[in-house]
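These notes concern the structure reproduced below.
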Number of protein chains: 2
Amino acid sequence: MDTDIIYKNIRLRGGRITKIRKKIIQILSEMNCLLSHTDILKRLHKLKLYPNRSTIFRELLFLTKNSIVMKSTISNTDYFEIPQDHHHHLICLKCHTITTVDIGNHLQNQEKKLAKQFNYTITNHSLEFYGYCHYCQ
Amino acid sequence: MDTDIIYKNIRLRGGRITKIRKKIIQILSEMNCLLSHTDILKRLHKLKLYPNRSTIFRELLFLTKNSIVMKSTISNTDYFEIPQDHHHHLICLKCHTITTVDIGNHLQNQEKKLAKQFNYTITNHSLEFYGYCHYCQ
DNA sequence: ATATTTGCAAACGTTTTGCATAGTG
DNA sequence: CACTATGCAAAACGTTTGCAAATAT
(Lines give C-alpha, C1' and ligand atoms only; values in the text may rest on other atoms or scores of the structure.)
Protein backbone atom coordinates (compact mmCIF):
# COMPACT_ATOMS: atom_id res chain seq x y z
CA MET A 1 0.00 0.00 0.00
CA ASP A 2 1.35 3.42 -0.85
CA THR A 3 -0.99 5.02 1.66
CA ASP A 4 2.09 5.27 3.86
CA ILE A 5 3.53 7.82 1.44
CA ILE A 6 0.33 9.80 1.85
CA TYR A 7 0.54 9.68 5.63
CA LYS A 8 4.14 10.87 5.53
CA ASN A 9 3.14 13.68 3.20
CA ILE A 10 0.40 14.76 5.61
CA ARG A 11 2.70 14.67 8.64
CA LEU A 12 5.27 16.77 6.80
CA ARG A 13 2.65 19.49 6.42
CA GLY A 14 1.75 19.37 10.09
CA GLY A 15 -1.37 17.28 9.55
CA ARG A 16 -2.37 14.49 11.89
CA ILE A 17 -3.28 10.93 11.16
CA THR A 18 -6.66 10.52 12.80
CA LYS A 19 -8.94 7.49 12.69
CA ILE A 20 -11.35 9.16 10.29
CA ARG A 21 -8.70 10.62 8.02
CA LYS A 22 -6.93 7.28 7.82
CA LYS A 23 -10.12 5.42 6.94
CA ILE A 24 -11.16 7.96 4.29
CA ILE A 25 -7.79 7.62 2.62
CA GLN A 26 -8.01 3.83 2.77
CA ILE A 27 -11.50 3.82 1.29
CA LEU A 28 -10.54 6.14 -1.57
CA SER A 29 -7.37 4.20 -2.20
CA GLU A 30 -9.08 0.81 -2.29
CA MET A 31 -12.11 1.86 -4.32
CA ASN A 32 -10.04 3.71 -6.94
CA CYS A 33 -13.13 5.41 -8.36
CA LEU A 34 -15.16 8.57 -7.87
CA LEU A 35 -16.93 8.70 -4.50
CA SER A 36 -19.31 11.32 -3.15
CA HIS A 37 -19.49 12.51 0.45
CA THR A 38 -22.46 10.17 0.91
CA ASP A 39 -20.62 7.19 -0.58
CA ILE A 40 -17.79 7.78 1.84
CA LEU A 41 -20.10 8.27 4.81
CA LYS A 42 -21.88 5.00 4.04
CA ARG A 43 -18.60 3.10 3.85
CA LEU A 44 -17.55 4.60 7.17
CA HIS A 45 -20.84 3.51 8.72
CA LYS A 46 -20.02 -0.05 7.72
CA LEU A 47 -16.79 0.32 9.68
CA LYS A 48 -18.75 1.56 12.73
CA LEU A 49 -17.51 5.12 12.29
CA TYR A 50 -20.14 7.87 12.40
CA PRO A 51 -18.45 11.23 11.81
CA ASN A 52 -20.40 14.39 11.10
CA ARG A 53 -20.99 15.19 7.45
CA SER A 54 -19.13 18.49 7.80
CA THR A 55 -16.08 16.54 8.90
CA ILE A 56 -16.18 14.59 5.64
CA PHE A 57 -16.40 17.81 3.65
CA ARG A 58 -13.57 19.38 5.59
CA GLU A 59 -11.49 16.25 5.19
CA LEU A 60 -12.05 16.11 1.45
CA LEU A 61 -11.20 19.80 1.19
CA PHE A 62 -7.99 19.15 3.10
CA LEU A 63 -7.04 16.22 0.89
CA THR A 64 -7.88 18.18 -2.26
CA LYS A 65 -5.84 21.20 -1.20
CA ASN A 66 -2.89 18.96 -0.48
CA SER A 67 -3.20 17.34 -3.92
CA ILE A 68 -3.86 13.93 -2.42
CA VAL A 69 -7.30 13.53 -3.95
CA MET A 70 -8.82 15.00 -7.09
CA LYS A 71 -12.28 16.50 -7.19
CA SER A 72 -14.76 16.15 -10.06
CA THR A 73 -18.10 17.90 -9.98
CA ILE A 74 -20.84 16.01 -11.76
CA SER A 75 -24.34 17.54 -11.86
CA ASN A 76 -24.02 19.56 -8.68
CA THR A 77 -22.30 16.99 -6.56
CA ASP A 78 -18.62 16.72 -5.82
CA TYR A 79 -16.91 13.37 -6.29
CA PHE A 80 -13.42 12.50 -5.18
CA GLU A 81 -10.75 9.99 -6.03
CA ILE A 82 -7.07 9.35 -5.45
CA PRO A 83 -5.42 9.58 -8.88
CA GLN A 84 -3.71 6.22 -9.32
CA ASP A 85 -3.96 4.93 -12.85
CA HIS A 86 -5.11 7.80 -15.07
CA HIS A 87 -8.61 7.19 -16.36
CA HIS A 88 -11.87 8.81 -17.45
CA HIS A 89 -15.59 8.32 -16.85
CA LEU A 90 -18.71 7.11 -18.53
CA ILE A 91 -21.83 8.54 -16.93
CA CYS A 92 -25.41 7.38 -17.44
CA LEU A 93 -27.78 10.31 -17.78
CA LYS A 94 -30.64 8.28 -16.37
CA CYS A 95 -29.37 6.13 -13.48
CA HIS A 96 -26.26 8.28 -12.87
CA THR A 97 -23.95 5.31 -12.66
CA ILE A 98 -20.31 6.26 -13.08
CA THR A 99 -18.14 3.75 -14.93
CA THR A 100 -14.39 4.09 -14.95
CA VAL A 101 -12.82 3.76 -18.39
CA ASP A 102 -9.31 3.87 -19.78
CA ILE A 103 -8.59 5.40 -23.16
CA GLY A 104 -4.87 5.82 -22.75
CA ASN A 105 -2.83 8.98 -22.65
CA HIS A 106 -4.21 10.58 -25.79
CA LEU A 107 -4.46 14.02 -24.31
CA GLN A 108 -0.94 14.62 -23.12
CA ASN A 109 0.06 16.27 -26.38
CA GLN A 110 -3.07 18.38 -26.47
CA GLU A 111 -2.31 19.63 -22.99
CA LYS A 112 1.16 20.74 -24.05
CA LYS A 113 -0.17 22.54 -27.11
CA LEU A 114 -2.84 24.35 -25.14
CA ALA A 115 -0.42 25.32 -22.40
CA LYS A 116 1.78 27.02 -25.00
CA GLN A 117 -1.05 28.57 -26.96
CA PHE A 118 -2.86 30.11 -23.98
CA ASN A 119 0.12 30.60 -21.69
CA TYR A 120 -1.46 28.28 -19.14
CA THR A 121 -0.07 25.93 -16.54
CA ILE A 122 -2.29 22.90 -16.98
CA THR A 123 -2.42 20.69 -13.93
CA ASN A 124 -4.98 18.12 -15.00
CA HIS A 125 -8.01 17.45 -17.14
CA SER A 126 -11.27 15.63 -16.85
CA LEU A 127 -13.00 13.77 -19.64
CA GLU A 128 -16.51 12.50 -19.18
CA PHE A 129 -18.62 10.64 -21.69
CA TYR A 130 -22.39 10.96 -21.22
CA GLY A 131 -25.11 8.70 -22.51
CA TYR A 132 -27.37 5.83 -21.59
CA CYS A 133 -26.11 2.60 -20.14
CA HIS A 134 -27.05 -0.92 -21.11
CA TYR A 135 -30.11 -0.95 -18.83
CA CYS A 136 -31.37 2.59 -19.38
CA GLN A 137 -31.27 2.98 -23.15
CA MET B 1 -29.28 32.52 -37.89
CA ASP B 2 -30.32 28.96 -37.32
CA THR B 3 -32.33 29.96 -34.27
CA ASP B 4 -35.36 29.56 -36.54
CA ILE B 5 -34.70 25.82 -36.65
CA ILE B 6 -34.73 25.85 -32.86
CA TYR B 7 -38.04 27.73 -32.76
CA LYS B 8 -39.59 25.26 -35.16
CA ASN B 9 -38.29 22.39 -33.06
CA ILE B 10 -39.88 23.89 -29.95
CA ARG B 11 -43.24 24.50 -31.66
CA LEU B 12 -43.27 20.90 -32.88
CA ARG B 13 -43.09 19.76 -29.27
CA GLY B 14 -45.94 22.04 -28.21
CA GLY B 15 -43.63 24.68 -26.76
CA ARG B 16 -44.31 28.37 -27.22
CA ILE B 17 -42.01 31.13 -28.37
CA THR B 18 -42.18 33.67 -25.58
CA LYS B 19 -40.20 36.87 -25.23
CA ILE B 20 -37.96 35.43 -22.55
CA ARG B 21 -37.40 32.07 -24.23
CA LYS B 22 -36.56 33.80 -27.50
CA LYS B 23 -34.04 36.11 -25.86
CA ILE B 24 -32.38 33.31 -23.89
CA ILE B 25 -31.90 31.31 -27.07
CA GLN B 26 -30.51 34.38 -28.85
CA ILE B 27 -28.09 35.11 -26.04
CA LEU B 28 -26.82 31.52 -25.91
CA SER B 29 -26.57 31.40 -29.67
CA GLU B 30 -24.65 34.64 -30.02
CA MET B 31 -22.30 34.11 -27.10
CA ASN B 32 -21.44 30.53 -28.09
CA CYS B 33 -19.82 29.82 -24.74
CA LEU B 34 -20.77 28.51 -21.31
CA LEU B 35 -23.12 30.82 -19.43
CA SER B 36 -24.49 30.48 -15.89
CA HIS B 37 -27.99 31.44 -14.76
CA THR B 38 -26.54 34.70 -13.46
CA ASP B 39 -24.73 35.45 -16.72
CA ILE B 40 -27.99 35.01 -18.58
CA LEU B 41 -29.99 37.07 -16.10
CA LYS B 42 -27.50 39.92 -16.37
CA ARG B 43 -27.70 39.90 -20.18
CA LEU B 44 -31.49 39.95 -19.97
CA HIS B 45 -31.35 42.93 -17.64
CA LYS B 46 -29.39 44.83 -20.28
CA LEU B 47 -32.29 44.16 -22.63
CA LYS B 48 -34.76 45.52 -20.06
CA LEU B 49 -36.12 42.05 -19.27
CA TYR B 50 -36.40 41.12 -15.59
CA PRO B 51 -37.69 37.56 -15.31
CA ASN B 52 -37.65 35.61 -12.07
CA ARG B 53 -34.61 33.47 -11.47
CA SER B 54 -36.75 30.33 -11.27
CA THR B 55 -37.98 31.07 -14.77
CA ILE B 56 -34.40 31.00 -16.01
CA PHE B 57 -33.81 27.66 -14.34
CA ARG B 58 -37.03 26.22 -15.73
CA GLU B 59 -36.18 27.54 -19.14
CA LEU B 60 -32.71 26.05 -19.11
CA LEU B 61 -34.15 22.75 -17.91
CA PHE B 62 -36.62 22.83 -20.79
CA LEU B 63 -33.91 23.59 -23.34
CA THR B 64 -31.64 20.89 -21.90
CA LYS B 65 -34.38 18.26 -21.91
CA ASN B 66 -35.13 19.08 -25.53
CA SER B 67 -31.44 18.74 -26.44
CA ILE B 68 -31.22 22.37 -27.53
CA VAL B 69 -28.62 23.35 -24.96
CA MET B 70 -25.96 21.34 -23.20
CA LYS B 71 -25.27 21.58 -19.50
CA SER B 72 -21.84 21.48 -17.87
CA THR B 73 -21.44 21.61 -14.11
CA ILE B 74 -18.26 23.32 -13.02
CA SER B 75 -17.53 23.62 -9.29
CA ASN B 76 -21.14 23.33 -8.18
CA THR B 77 -22.67 25.68 -10.71
CA ASP B 78 -24.43 24.75 -13.92
CA TYR B 79 -23.32 26.38 -17.15
CA PHE B 80 -25.13 26.12 -20.47
CA GLU B 81 -24.33 26.49 -24.12
CA ILE B 82 -25.83 25.73 -27.51
CA PRO B 83 -23.50 23.19 -29.13
CA GLN B 84 -22.48 24.83 -32.41
CA ASP B 85 -18.87 24.20 -33.27
CA HIS B 86 -17.70 21.37 -31.04
CA HIS B 87 -15.17 22.60 -28.52
CA HIS B 88 -13.75 22.11 -25.03
CA HIS B 89 -12.79 24.23 -22.06
CA LEU B 90 -9.78 25.55 -20.23
CA ILE B 91 -10.62 26.52 -16.66
CA CYS B 92 -8.49 28.57 -14.30
CA LEU B 93 -8.52 27.11 -10.79
CA LYS B 94 -7.90 30.52 -9.26
CA CYS B 95 -9.97 33.12 -11.13
CA HIS B 96 -12.43 30.60 -12.59
CA THR B 97 -12.25 32.03 -16.07
CA ILE B 98 -13.54 29.65 -18.70
CA THR B 99 -11.74 29.72 -22.05
CA THR B 100 -13.18 27.96 -25.07
CA VAL B 101 -10.66 25.82 -26.95
CA ASP B 102 -10.74 23.64 -30.02
CA ILE B 103 -8.69 20.45 -30.22
CA GLY B 104 -10.50 18.87 -33.13
CA ASN B 105 -12.54 15.71 -33.24
CA HIS B 106 -10.01 13.43 -31.57
CA LEU B 107 -12.54 11.67 -29.43
CA GLN B 108 -15.04 10.48 -31.99
CA ASN B 109 -13.27 7.14 -32.35
CA GLN B 110 -12.95 6.70 -28.61
CA GLU B 111 -16.67 7.25 -28.25
CA LYS B 112 -17.41 4.52 -30.74
CA LYS B 113 -15.05 2.08 -29.04
CA LEU B 114 -16.49 2.76 -25.61
CA ALA B 115 -20.06 2.47 -26.88
CA LYS B 116 -19.32 -1.01 -28.16
CA GLN B 117 -17.26 -2.09 -25.18
CA PHE B 118 -19.77 -1.01 -22.52
CA ASN B 119 -22.96 -1.36 -24.55
CA TYR B 120 -23.65 2.34 -24.10
CA THR B 121 -25.40 4.92 -26.22
CA ILE B 122 -23.03 7.86 -25.90
CA THR B 123 -24.70 11.18 -26.60
CA ASN B 124 -21.87 13.57 -25.86
CA HIS B 125 -18.75 14.16 -23.87
CA SER B 126 -17.14 16.99 -21.99
CA LEU B 127 -13.46 17.63 -21.76
CA GLU B 128 -12.11 20.23 -19.38
CA PHE B 129 -8.52 21.21 -18.82
CA TYR B 130 -7.72 22.69 -15.41
CA GLY B 131 -4.81 24.84 -14.43
CA TYR B 132 -3.65 28.39 -13.88
CA CYS B 133 -4.06 31.11 -16.48
CA HIS B 134 -1.52 33.66 -17.61
CA TYR B 135 -2.39 36.06 -14.77
CA CYS B 136 -2.86 33.57 -11.93
CA GLN B 137 0.16 31.32 -12.24
C1' DA C 1 1.12 21.83 25.88
C1' DT C 2 -0.25 23.23 21.70
C1' DA C 3 -1.98 22.97 17.32
C1' DT C 4 -5.08 20.26 14.64
C1' DT C 5 -9.41 17.96 14.14
C1' DT C 6 -14.19 17.25 15.29
C1' DG C 7 -19.34 17.88 16.30
C1' DC C 8 -22.98 20.75 16.22
C1' DA C 9 -25.95 24.26 14.58
C1' DA C 10 -26.62 27.73 11.64
C1' DA C 11 -25.74 30.10 7.19
C1' DC C 12 -25.02 30.10 2.33
C1' DG C 13 -25.71 29.65 -2.77
C1' DT C 14 -27.77 27.03 -6.28
C1' DT C 15 -31.59 24.58 -7.85
C1' DT C 16 -36.41 22.74 -7.46
C1' DT C 17 -41.28 22.89 -6.44
C1' DG C 18 -46.45 24.21 -5.69
C1' DC C 19 -49.71 27.12 -6.77
C1' DA C 20 -52.14 31.01 -8.65
C1' DT C 21 -51.87 34.23 -12.55
C1' DA C 22 -50.57 35.74 -17.20
C1' DG C 23 -49.69 34.90 -21.93
C1' DT C 24 -49.44 32.15 -26.36
C1' DG C 25 -51.35 29.72 -30.14
C1' DC D 1 -60.36 28.30 -25.08
C1' DA D 2 -56.85 25.13 -23.65
C1' DC D 3 -52.52 24.66 -22.47
C1' DT D 4 -47.90 26.48 -21.64
C1' DA D 5 -45.00 29.79 -19.27
C1' DT D 6 -44.25 32.93 -15.44
C1' DG D 7 -43.81 35.11 -10.66
C1' DC D 8 -43.57 34.42 -6.08
C1' DA D 9 -42.50 32.19 -1.84
C1' DA D 10 -40.90 28.34 0.29
C1' DA D 11 -38.32 24.18 0.41
C1' DA D 12 -34.58 21.11 -0.91
C1' DC D 13 -29.95 20.05 -1.51
C1' DG D 14 -24.97 20.22 -1.27
C1' DT D 15 -21.56 22.78 0.88
C1' DT D 16 -19.28 26.12 4.15
C1' DT D 17 -18.50 28.40 8.53
C1' DG D 18 -17.89 29.76 13.69
C1' DC D 19 -17.18 28.19 17.90
C1' DA D 20 -16.32 25.17 21.74
C1' DA D 21 -14.80 20.57 22.97
C1' DA D 22 -11.90 16.55 21.89
C1' DT D 23 -7.76 14.54 20.21
C1' DA D 24 -2.99 13.75 18.18
C1' DT D 25 1.76 14.68 18.46
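Just so it is clear: chains get the letters A, B, ... in the order the sequence lines come, proteins before strands, and each one is counted from 1.
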So do the side chains of B:Arg43 and B:Ile24 get within less than 4.5 Å of each other, counting heavy atoms only? no
What I'd like to find out is whether the side chain of B:Lys22 reaches to under 4.5 Å of the side chain of B:Gln26, using heavy atoms alone. yes
Do [X] and [Y] have side-chain N/O donor and acceptor atoms under 3.5 Å apart?
X        : Y       : value
A:Glu81  : A:His87 : yes
A:Asn52  : A:Thr55 : no
B:His125 : B:His88 : yes

[X] side-chain proximity, nearest of [options]:
X       : options               : value
B:Thr18 : D:dG7, D:dA5, D:dT15  : D:dA5
B:Arg16 : C:dT14, D:dT25, D:dA5 : D:dA5
B:Arg58 : D:dC8, C:dT16, D:dA24 : D:dC8
A:Ile20 : C:dT14, D:dA5, C:dG7  : C:dG7

Between [N] ([atom2]) and [X] ([atom1]): distance, integer Å:
X       : N      : atom1 : atom2 : result
B:Arg11 : D:dT4  : CZ    : C1'   : 14 Å
A:His96 : D:dG14 : NE2   : P     : 12 Å
B:Lys22 : D:dT6  : NZ    : P     : 14 Å
B:Ile10 : C:dG25 : CD1   : C1'   : 14 Å
A:Phe57 : C:dG7  : CZ    : P     : 14 Å
B:Arg53 : C:dT14 : CZ    : P     : 7 Å
A:Asn52 : C:dT6  : CG    : P     : 11 Å
B:Ile74 : C:dT14 : CD1   : C1'   : 15 Å

Starting at the 5' end of DNA chain C and moving along, which residue's nearest nucleotide shows up first, B:Thr77 or A:Arg21? A:Arg21
Is any side-chain N or O of B:Ser54 under 3.5 Å from a base N or O of D:dC8, one able to act as donor and the other as acceptor? yes
Using a cut-off of 4.0 Å on non-hydrogen atoms, how would the nucleic acid contact of B:Leu61 be classed: base, sugar-phosphate, or nothing? nothing
